[in-house]
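Below is one structure, written out as structure tokens; the observations come after it.
All values reported here derive from a predicted model rather than from experimental measurement. For reference, positions follow the sequence shown, starting with 1. As a basis for the values below, the full set of heavy atoms in this structure was taken, side chains included, without hydrogen atoms, waters or symmetry mates.
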Amino acid sequence: MLRQLATLARIDFRPQHGQPRMPRILLATVAAVAGTLGADALLVVIGQAAFPGTRGYVHFQFPDYAKLTVIGVAIACAAWPVVTRISSDPRWLFFRMAILVTLVLWLPDVYILVRGQPADAVAVLFLMHLAIALVTYNLLVQLAPPRPARSPTSDLPGLITPPAR
């Protein structure tokens, strides 16, 4: 059963590609942190303009959402090289993981909505979680892609591989 689940999830532990380069992962991480914090701040400004009653809402304070955003982005950025190591189709798997994590992170938003928090403010929180997933996923897969597969002979010293035709 686990093997079938792994096959379904495209986890095969035999990727033909190389790992993303560490400097690229670090660049993507910094860009994702900056991009997600910027997206969050923009959504808060838009949300407060569209819904004036949300001005001063506790979860719209920068320290409140910034800490959780940075933690979430750091976890996603640490997960990306793991996914590239365990899957021959890491973008496919990471995209689905991003969807699943976003849905899980919406659960606390649903909880505070049910507990009486303003629906317009919670809607902005939903959008903030979605923006974090979109920005982080796209920056990681674009800035830190897996390296192309190497030919088996390219690692042998002294051999010159002919150019591809």
Between atom OG1 of Thr54 and atom CD of Gln117, what is the distance when rounded to the nearest 0.5 Å?
-> 12.0 Å
Correct closest heavy-atom pair for Gln16 and Ser88 would be N-OG, 4.4 Å
Taking all heavy atoms of Ser87 and all of Pro15, pick out the closest pair and write down the distance.
-> O-CB, 3.5 Å
For Phe95, the ring pair (Phe, Tyr, Trp, His ring centres under 6.0 Å) test, sequence neighbours excluded, returns Tyr137
Find out whether Pro145 and Val141 are in side-chain contact, i.e. whether some heavy atom of one side chain is under 4.5 Å from a heavy atom of the other.
-> no
Take Arg147 and Arg21, measure what side chain to side chain contact (heavy atoms under 4.5 Å, CB included) needs, and give me the verdict at the end.
-> CA-CA 8 Å; Arg147 287 185 274 166; Arg21 297 193 187 281; 3.1 Å; yes
Working to the nearest 0.5 Å, report the span between CZ of Arg91 and CG of Leu140.
-> 11.0 Å
Kindly indicate whether the side chain of Pro90, heavy atoms from C-beta on, has any atom under 4.5 Å from the side chain of Trp80.
-> yes
Side chains of Tyr65 and Met128: does their closest heavy-atom pair fall under 4.5 Å?
-> yes
Backbone N/O of Leu134 and side chain of Asn138: donor-acceptor pair under 3.5 Å | yes
What about Val73 and Leu127, same hydrophobic cluster or not, with Ile/Leu/Val/Met/Phe/Trp/Tyr joined at side-chain heavy-atom distances under 4.5 Å?
-> yes
What are the two closest heavy atoms between Leu43 and Ala131, and how far apart are they?
-> CD1-CB, 3.8 Å
Would you indicate whether the side-chain heavy atoms of Val33 and Leu37 approach each other to under 4.5 Å?
-> yes
Should Val58 and Leu68 be counted in the same cluster of Ile, Leu, Val, Met, Phe, Trp and Tyr side chains packed under 4.5 Å apart?
-> no
Exercise: identify the closest heavy-atom pair between Val124 and Gly47 = CG2-CA, 3.8 Å
Greater than 12 external heavy atoms within 6.0 Å of Arg85's CZ = no
At their closest point, which heavy atom of Thr102 faces which heavy atom of Ala98, and how far apart are they?
-> OG1-O, 2.7 Å
Output yes when a side-chain donor or acceptor of Thr84 lies under 3.5 Å from a complementary backbone atom of Gln19, and no otherwise.
-> no
Measure the CZ-CG distance between Phe126 and Leu105 for me, rounded to the nearest 0.5 Å.
-> 11.0 Å
State yes or no: do Tyr111 and Leu130 share one hydrophobic cluster built from I, L, V, M, F, W and Y residues joined by side-chain heavy-atom distances below 4.5 Å, directly or via other members?
-> yes
How would you list all residue pairs meeting side chain to side chain donor-acceptor pair (under 3.5 Å) that involve residues 26-43, not counting sequence neighbours?
-> Asp40-Thr69
Connected via hydrophobic side-chain network under 4.5 Å: Val135 and Val44 | no
Transitively linked via ILVMFWY side-chain contacts under 4.5 Å: Phe94 with Trp92?
-> yes
Using a 4.5 Å cut-off on heavy atoms from C-beta on, say whether the side chain of Leu125 contacts that of Ile112.
-> yes
Would you say the side-chain atoms of Tyr57 and Gln48 include a donor-acceptor pair closer than 3.5 Å?
-> no
Rounding to 0.5 Å, atoms CE (Met97) and CG (Leu100) come to a distance of 8.0 Å
